[in-house]
Every structure is written in C-alpha cells, then in structure tokens.
Amino acid sequence: MSYRIETKSFLNDLDRIAQVRSEVANHLGKMAETLEKAELEADKQSGRLGLDAEREDLTKVGESLRSGVFRLLVLGDMKRGKSTFLNALIGENLLPSDVNPCTALLTVLRYGLEKKVTVHFNDGKPPKQLNFKSFKQNYTIDPAEAKRLEQEKKQAFPDVDYAVVEYPLPLLEKGIEIVDSPGLNDTEARNELSLGYINNCHAILFVLRASQPCTLGERRYLENYIKGRGLSVFFLINAWDQVRESLIDPDDTEELEEAEGKLRRVFKTNLAEYCQVEGHDIYDERVFEISAIKALRRRIKDASASLEDTGFPEFMGALNTFLTQERGISELRQARILARQASTHVHEAIARRIPLLEQDASQLKERINSVEPEFKKLSEIRNQFQEEIRNTRDNKAKAVADSFRSYVLNLDNTFEADFLRYQPELKLMDFLNQGKREAFNESLQKAFEQYVNDKLADWSRGAEQEMNAAFSQLSKSAANYGASYSQVTDLINEKLTGKKVQTGGNTTAEEQSPGWANWAMGLFSLSTGNIAGVAMAGAGFDWKSILLNYFTVIGISGIVVAVFPAAVFLGPVGLALLGLGVGAFQADQARKEVVKAAKKELVKHLPQVANEQSYLVYDAVKECFDTYEREVTKRVDDDIQARKSELDNLLQQKQSYEINQGAELERLKKLEADISSESRSIETVYQNFLASAA
C-alpha cells in the first residue's frame, strides 16, 4: 500500500474529519435538546416518556465528538532526534533541540490562540502560566543532577503533575494533540510513569535512530511496555540520511544498498512482532525511514515545501489514514448507532403512549397493574447479570492475585539466568576503591530495579489478557441479558397497548438492544481522554485506567523494590567478592558470586512481597469489576424506573385533568419526526464520509 501525502493534504483531511465530527455532534446536540424540551412540555400534557438516559448519552457523546482530538504520544530514548522530529511534524522550530530530556514532566502540546505554557500541580496549588524561556529555565535540569536525584530516590519536581504548551499551529488547530513523554531508559520511575500515558493516546510515535539500531534499552522498553497490549505504534527510524554519510565512499551505490539492507534487516527482526494486527503483517504501514532535520529545514524555509525523500510524506500518509479513516470511522459509527438507537427508543415510547391516551384512568391503572410481574422479571434479569459480574469478579480477583503470588515466589528459579543480562560490569580494583564501590552499588541498585520492573511487566501482560477475556465474556453476557430484557419490555408494551409495538424501519440488534446493554458491551466508549493520564472511556468504561491507578500511580514496582532494595544484599555481595581473593578474581566468577549473593537475599524477601502485594493486586482487579457492576446496575435501575415513571406520570395526568388527545398526538408525532430527521441527517453525514474516505 502506498502512503504519500504532503502536509497540506494531511491538514485538509484533519480539517474534514473535524468538520464531520462537529456536524454529527451538532445533530446529536439537537436530538438531546429536542428530547429535553419535549419532556418539559410533557409535564403539561400526557406526562414524560422517560427518555432522560437517552438524552444524557446523546449529550455526552456529542460533547466528546465536538471537543475530541487525536492524541499522539511521542516516545524515544535520548539523542534520537525526538525534538527535531516534533518540530518537523508541527512545521516550526518550537521545541529547542537542546532542551534536556531530564525534566520528568509530561508535556502536552495543544492548540491555543496565544503562545503560553501552563504548569499544573498535584498539591492543590493553582496552575501557573509561564513563557517558554521561563519554562525552560525552571523545569529542565542537568543530566548529572537528574542522575543524582535518581540515586537519592527523589523527584526533580515532585509537586508538578503535567505541563500544557499552547501554540497557534495549523496541525494543532485541526485536532492533533501531542504528548511528549520523558526519554526512555532515563530512570525506572519515569519509564513506569510513561505506561500511564500509553493507554491514553490514539497512537504512539516511537522514534529510533538509524545509527543506533534497536539498543538494549529500546528492546527492553518495547518488550515490557508495548508488546501484547494492542497498541497502535508507528516506528520512525530517524537520521536515515546519515547512513550514506557514514560510508567511506558515500557515492558507492552498492555499498549504500548493502548498508541500508543490513539495517533494514536488523530493524525488521526487532520490530516485526509489533506490526501485527489480527494476524496481518502491517510492517510497511507502521515503520518509516525519515530524516527529521532535512524535513524541518525545508518547512522552516517554506511551510508548503515538498518533503520528498525525507520519509515524512509516507509516514504522514499512513498516520492520516489511521487517524482520519480507521479511528474517525470508528468514532462516527458509534455516534451513528447511538443516534439510531435513540430514534428507535423514541419511536417505541410514542408507539406505546398513543394507544394509552384513549384509555380512561381506571383502565390504565388496571393495565399498569397487569405488567407488574414483567417489571419483576426485569429486576430478576438485572440481578442475574449482577450475580454473574460478581462471580466473575471474585474468580478473576483471586486468580490474578494467585498468579502474582506464584509468579513472585518462582522468581528465584530463574533469577541466576535472568539477572545476568542486567548485572553491571564489575572489576575487583574498582570494588576495593571506596568511590568506585559506591558507583557499583548504585549501578547494581538500578539493575535490580530494571529486573523487578521487567518481571512485573511480563506478569502484567498475562494479567491484562485474562482481564480482557473476562470482560469480553461479560460483553457477550450483556448481549444475551439485553435480548431477554427486550423480550420482557416487548411483552410489557403488548400487554399495555393490546398489540405488538413495532420498532419501525430496518433496525439492527444493536439499535434494538437496551441502552444499558449496549453500554455494558462497550459500544459507546468514545475516547475523550485527559492529559493527566487517568481515564479515557468517555461515555464508556475503561478497566485499564483503574488498574493503572493501582499499578502505576501507586507504583507496585516501587513498593516491591522498597521491600528488598539492592542495598540489602550489597553487604553479602561485598563479602563474597572479597572472599575470592585477588588471584581468583575472574570476571565470570565474580558475576556468578554477585548473582548467588543477590539470589540468597532475594529469596528471603519473596514470600513477604508475594503475600503483601497480592492483596493490592486482588483489590485492583476487584475494583475494576465493582466499577463495571455499579454502572451497569445504575443504568438498568434507571431504565426500569423510567419505564415505571412513564406510566405513573400518564396515570397521574389522566387523574388530574382531561388530556387534549388531538394536540398531544400531534406533539408526539412531531417529536418522533424531529428525532428521526436528526438521526437520518447523521446517517447521511456518515455515509458521505465513508464514500469520501473510500
């Protein structure tokens, strides 16, 4: 597949999807306003139809579409040209390439009419606005200072939550938001923190460098934080033009082809497994060879300059397709389903209301009493689903906590083989020197933290897969319970009106399903997100955000390291090494002695960690299902109550005064027509967008 697109075309497509989003959002907003107005008017007529839930969901999804942006997370180790790439992407030298990555701040670049930086704090202090110069002076630190703070287990800016950079740039104005995370492999704490950003972005732009193909740190990060998490990642191999410059004879085409071919094989070997979607190889759609500095130089001179031979046209074409078509269509489809479902529910409510207008109060009361058994069945369906959620919760919380406990207790079985890859280089004379011994101790501490984090990341992948499977099963159950629920509500309508209420039109199972069931199936999880990295489910549900609050915000790996820090076995390690003697002190033997001593101390603490932290894991998993259950139960209860209130309101109106049936019939038909018209408008916008994207 060929992806070649210039910046102007990319901006045009972003503008088009933004306009479509806004248009659909406006129609959803009109539907919500129409329902709100109709329910207020109904207080003076035959009573409300109980459509508050539909109105609220239409409002939420409309607001989500209207304010929605495509959020890109830029990841990359230090000295990969990340700032240069960002500048080339936005078309202006906004982020100085000499800004040190050791800020430890999450920085969000978004559109603003004025150029400014706002720093948000986590200690209750109000946000603080700065200019760019002040921001750089106050919130960047020297690498040596960053290293010292890391060794002392201190944060550079512990009171800062995140920073927002606003700038009037065309790319940002069209709905792109860029999240710039700290450099990879800087510190374990920051690596762990970046995991929180990953789940809150539409796509990850992972910047690599041709002259340093897939370093150990990059491979480790990909394996621990990207692998097996279902993320959309674009790999950008920067400074590809420097491959030619590194040759003895840059004009030797054969030598160049050989060098580039060798590099491509290295990158493909390391990145191919991250470019698989449902068994399909999309490597060519996700990996791009770019020259950020070449693209930036051209764009600074001429914003509309061709970026041919920089790799940017191909990359931006693929990104454009992913954002404006794959993601955009997904969002619009969700909005379309919601609109059609709301229209269906309005039709049903009016179809059962009209026959009831002709009944007198006593007849209506008799029919309302006749459906009481059906309302009890609705409550029973709720209880059955609730029980299944709770059983799933109890089983999964125990299973995941037990898997954590077993995993931790079994670390000693593979520790000797596993830890060798992390262990720092060791020399006897260095160890005998006080200053160098401290440096070794610090290196050993960091190596141990890396080992612990990697092991926890490995375990968490399996836990996530188990959670995914559980919620996938609950989604299927929600569909089944929803179908049973609809059968009962159909029977209620039939007993009330004396005939079957037709849904009207060609409606899908999704549109006929109760709103609560669609929510439980995750159909309306429009991603709105927030820049602090908490939750991005919008009108839906995101259990990963709940786990994130436990495992990342609390920092389970930090707790584990605190229980058995490297310091606990530095003493035994030193004794073991000194016991070897100078003559026997060979590198391989020394490494083995370090690992043996470390393992001995590790084993002492594993039971404590396994037992104490498994409770945290249990609570985290339990909270995911508890949150899901609370929302499902609330939505079912609201639906049942709305149906009862609808009938009670009508009965109360009939008992209070004579309803003008002709005027009410006209009002109800107009309501149905207005809602149906807006839904058809959304359908038209959606189909036109599909046609233009094809």
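Note: Ser484 OG to Gln384 CD = 8.0 Å, rounded to the nearest 0.5 Å. Once rounded to the nearest 0.5 Å, the distance linking OG of Ser472 with CD of Gln465 reads 13.0 Å. Considering CD of Gln386 and OG1 of Thr633, their distance stands at 4.0 Å, rounded to 0.5 Å. We find the CG-NZ distance between Asp639 and Lys634 to be 11.5 Å, quoted to the nearest 0.5 Å. Note that CE of Met521 and OG of Ser477 are 11.0 Å apart. Values are rounded to the nearest 0.5 Å. For the atom pair Leu323 CG and Ile17 CD1, the distance stands at 9.5 Å (nearest 0.5 Å).
Side-chain atoms of Tyr686 never come within 3.5 Å of backbone atoms of Ala335 as a donor-acceptor pair (strictly under, hydrogens ignored). When atom types are taken as modelled, the side chain of Arg55 and the backbone of Thr34 share no donor-acceptor pair closer than 3.5 angstrom. Ser681 contributes a side-chain N or O that, together with a main-chain N or O of Ser677, makes up a donor-acceptor pair within less than 3.5 Å. Judged by distance alone, the side chain of Glu39 and the main-chain N or O of Leu51 form a donor-acceptor pair under 3.5 Å. A donor-acceptor pair under 3.5 Å links the side-chain atoms of Thr489 to the main chain of Ser486, judged by distance alone. With Ser46 contributing its side chain and Ala42 its backbone, the two residues share no donor-acceptor pair below 3.5 Å. Panel note: side chain Tyr628, backbone Ala520; a donor-acceptor pair is recorded below 3.5 Å. The main-chain N or O of Asn611 is found under 3.5 Å from a side-chain atom of Ser614 such that the two form a donor-acceptor pair. Under the 3.5 Å distance criterion, the side-chain polar atoms of Ser64 are left unmatched by any main-chain donor or acceptor of Lys60.
Residues Val179 and Cys201 come closest through the heavy atom pair CG2-SG, 4.1 Å. The shortest non-hydrogen separation linking Ala463 to Val400 is CB-CG1, 4.0 Å. Shown here for Phe322 and Arg286, the closest heavy-atom pair between the two residues is CD1-NH2, 3.6 Å.
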For Arg333 and Leu690, what are the C-alpha separation, side-chain angles and deciding distance, and is it a side chain to side chain contact (heavy atoms under 4.5 Å, CB included)? CA-CA 10 Å; Arg333 177 181 178 274; Leu690 288 183; over 6 Å; no
Test log, rule side chain to side chain contact (heavy atoms under 4.5 Å, CB included), inputs Phe415 and Leu606: CA-CA 12 Å; Phe415 181 77; Leu606 287 180; over 6 Å; no
Can you list the steps and then say if Arg352 with Glu646 is a salt bridge (Lys or Arg N to Asp or Glu O under 4.0 Å)? CA-CA 11 Å; Arg352 64 175 173 261; Glu646 173 194 351; 3.0 Å; yes
Passes side chain to side chain contact (heavy atoms under 4.5 Å, CB included), Leu411 versus Tyr451? Steps please. CA-CA 11 Å; Leu411 286 178; Tyr451 164 79; 3.8 Å; yes
Stepwise, does the side-chain hydrogen bond (donor to acceptor under 3.5 Å, both in side chains) test hold for Ser460 with Glu464? CA-CA 6 Å; Ser460 70; Glu464 283 189 13; 5.0 Å; no
Set out, in order, the CA-CA distance, both residues' side-chain angles and the distance that settles side chain to side chain contact (heavy atoms under 4.5 Å, CB included) for Gln276 and Asp281, then state yes or no. CA-CA 5 Å; Gln276 298 284 328; Asp281 179 9; 3.9 Å; yes
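Under the 4.0 Å criterion applied to side-chain N and carboxylate O atoms, Arg71 and Glu177 are assigned as salt-bridge partners. Salt-bridge formation is not detected for the pair Arg327/Glu331: no Lys NZ or Arg NE/NH1/NH2 atom is positioned less than 4.0 Å from an Asp or Glu carboxylate oxygen. With respect to Asp402 and Arg405, a salt bridge is recorded, a charged nitrogen being found less than 4.0 Å from a carboxylate O.
Within the structure, ring-ring contact (aromatic ring centres under 6.0 Å, His included) pairs that include any residue of residues 39-61 do not occur (at least two apart or interchain). Sorted by first and then second residue, the side-chain hydrogen bond (donor to acceptor under 3.5 Å, both in side chains) pairs with a member in residues 368-378 read Glu374-Lys495; sequence neighbours excluded. Pairs of residues two or more places apart, or lying in two chains, that qualify as salt bridge (charged side-chain N to carboxylate O under 4.0 Å, His left out) and include a residue from residues 379-394 are Arg382-Asp637, Arg390-Glu629, Arg393-Asp626. Residue pairs meeting the ring-ring contact (aromatic ring centres under 6.0 Å, His included) criterion with at least one partner in residues 362-387, sequence neighbours excluded, are Phe385-Tyr481.
No side-chain donor-acceptor contact under 3.5 Å links Ser343 and Arg340. Under the 3.5 Å distance criterion, with hydrogens and angles disregarded, no donor-acceptor pair is assigned to the side chains of Glu366 and Ser362.
In this structure Lys670 satisfies the salt bridge (Lys or Arg N to Asp or Glu O under 4.0 Å) test together with Asp674, sequence neighbours excluded. Evaluation of the salt bridge (Lys or Arg N to Asp or Glu O under 4.0 Å) rule for Lys654 yields no partner, not counting sequence neighbours. Applying the ring pair (Phe, Tyr, Trp, His ring centres under 6.0 Å) criterion to Tyr618, with sequence neighbours excluded, gives no partner residue. Qualifying side chain to side chain contact (heavy atoms under 4.5 Å, CB included) partners for Ile354, counting only residues two or more places apart in sequence or in other chains: Ile350, Leu665, Leu668. Applying the side chain to side chain contact (heavy atoms under 4.5 Å, CB included) test to Gln641 and every residue at least two apart in sequence or in another chain returns Ser645. For Glu273, the side chain to side chain contact (heavy atoms under 4.5 Å, CB included) partners are Lys227, not counting sequence neighbours. Residues that satisfy the salt bridge (Lys or Arg N to Asp or Glu O under 4.0 Å) test with Glu56, not counting sequence neighbours, are absent from this structure.
For the pair Glu672/Ile675, no side-chain contact is recorded, criterion being any heavy-atom separation below 4.5 Å from C-beta on. For the pair Ile640/Tyr485, a side-chain contact is recorded, criterion being any heavy-atom separation below 4.5 Å from C-beta on. Counting heavy atoms from C-beta on, the side chains of Val617 and Phe404 come closer than 4.5 Å. At a threshold of 4.5 Å between non-hydrogen side-chain atoms, the residues Val233 and Leu222 do not count as touching. The side-chain heavy atoms of Leu474 and Val632, taken from C-beta on, include no pair separated by under 4.5 Å. Here the side chains of Ile659 and Leu650 are in contact, with some heavy-atom distance below 4.5 Å. The shortest distance between side-chain heavy atoms of Val346 and Glu54 does not fall below 4.5 Å. Counting heavy atoms from C-beta on, the side chains of Val685 and Leu332 never come closer than 4.5 Å.
Cation-pi geometry between Arg21 and Phe70 is met: under 6.0 angstrom from the ring centre, within 45 degrees of the axis.
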Sequence neighbours left out, cut at 3.5 Å: what donor-acceptor pairs do the side chains of residues 22-30 make with other protein atoms?
from	atom 1	to	atom 2	distance (Å)
Asn26	OD1	Arg66	NH2	3.2
Asn26	ND2	Ser22	O	3.3
His27	ND1	Glu678	OE1	2.6

